[in-house]
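Down below is the structure, laid out as structure tokens.
Atoms within a ligand are numbered from 1 in the order they appear, just like the ligands themselves.
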Amino acid sequence: MPRQKLDSTAIAEKLAAVASWDIDAGETALDKTFKFKDFSEAFGFMARAALVAEKLDHHPEWKNVYNKVDVRLTTHDAGGLTGLDFDLAVAMDRIAASTGG
Ligand code: H2B
């Protein structure tokens, strides 16, 4: 049941693996700003992350300004956080680490 909303206990457990992400007060979304050397690296990160998002059928809310990418992960269908948000957060961290972010 990947698109099943997680409760606070499950969220707390999963947060440990994505400690660099912020969680909103209502525990409905994960937020992170990735910073890269320049636009080219930021856009490269987005291109790679987009492929993972499409594969997971789980898509980020994001905004790019030059070398920064603001990301918000939430599951619209569930109205909160699901395992997919955490899976995508882990994948994005991995991609950023190999992109220079
Ligand atoms: N992405 C996110 N972040 N949340 C969703 O609920 C969601 C999605 N639902 N991507 C998917 C697409 C759904 O609309 C399709 C039909 O599978």
Side-chain angles (χ1 to χ4, degrees):
M1 285 287 190
R3 243 183 266 277
Q4 192 166 324
K5 196 172 164 179
L6 299 172
D7 63 21
S8 285
T9 311
I11 288 170
E13 275 170 22
K14 286 187 174 285
L15 264 180
V18 291
S20 61
W21 291 72
D22 293 323
I23 187 163
D24 69 320
E27 298 189 329
T28 58
L30 298 174
D31 293 302
K32 182 167 175 176
T33 297
F34 290 92
K35 197 173 170 187
F36 300 91
K37 189 182 67 163
D38 53 23
F39 175 76
S40 183
E41 281 202 357
F43 200 78
F45 162 78
M46 292 178 84
R48 294 169 70 196
L51 295 178
V52 173
E54 191 60 5
K55 201 168 177 179
L56 290 173
D57 189 29
H58 197 65
H59 303 90
E61 297 174 19
W62 55 8
K63 182 179 103 169
N64 163 238
V65 178
Y66 181 51
N67 64 335
K68 285 187 194 157
V69 182
D70 294 327
V71 181
R72 167 160 282 212
L73 301 179
T74 187
T75 303
H76 309 114
D77 294 345
L81 286 167
T82 64
L84 285 168
D85 296 304
F86 288 90
D87 292 348
L88 188 53
V90 168
M92 286 180 135
D93 279 346
R94 237 182 245 139
I95 292 166
S98 64
T99 312

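- Taking a cut-off of under 4.0 Å to the non-hydrogen atoms of Thr75, the atoms of ligand 1 that pass are 4 (N), 6 (O).
- Close contacts of ligand 1 with Thr74, meaning ligand atoms under 4.0 Å from a residue heavy atom, involve 2 (C), 3 (N), 4 (N).
- Inclusion of Asp77 in the set of residues having an N or O under 3.5 Å from an N or O of ligand 1 is warranted.
- Compare His59, Arg72, His76, Glu61 by their heavy atoms: the one nearest to atom 10 (N) of ligand 1 is in His59.
- Within the 4.0 Å heavy-atom shell around ligand 1 one finds Arg3.
- Here Arg3 pairs with Asp57 in a salt bridge; the nearest charged N to carboxylate O distance falls below 4.0 Å.
- Put simply, Val90 and Ile95 are part of the same group of oily side chains (I, L, V, M, F, W, Y) that touch within less than 4.5 Å, one to the next.
- When all heavy atoms of Phe86 and Leu15 are compared, the pair lying nearest together is CE2-N, 3.8 Å.
- Remark: ligand 1 atoms within the under-4.0 Å shell around heavy atoms of Asp57 are 8 (C), 10 (N), 11 (C), 12 (C), 15 (C), 17 (O).
- Residue-to-ligand polar distances keep Asp85 apart from ligand 1: every N/O pair is separated by 3.5 Å or more.
- Closest approach of Ala49 and Met92 over heavy atoms only: CB-CE, 3.9 Å.
- Per-atom contact check: atom 16 (C) of ligand 1 does not touch the protein, criterion being a heavy-atom distance below 4.0 Å.
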Practice problem: Would you sort out whether Thr74 and Glu61 count as a side chain to side chain donor-acceptor pair (under 3.5 Å), showing the intermediate values? | Solution: CA-CA 8 Å; Thr74 187; Glu61 297 174 19; 5.8 Å; no

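- Classification of the Trp21-Phe34 ring pair by plane angle, with boundaries at 30° and 60°, yields perpendicular.
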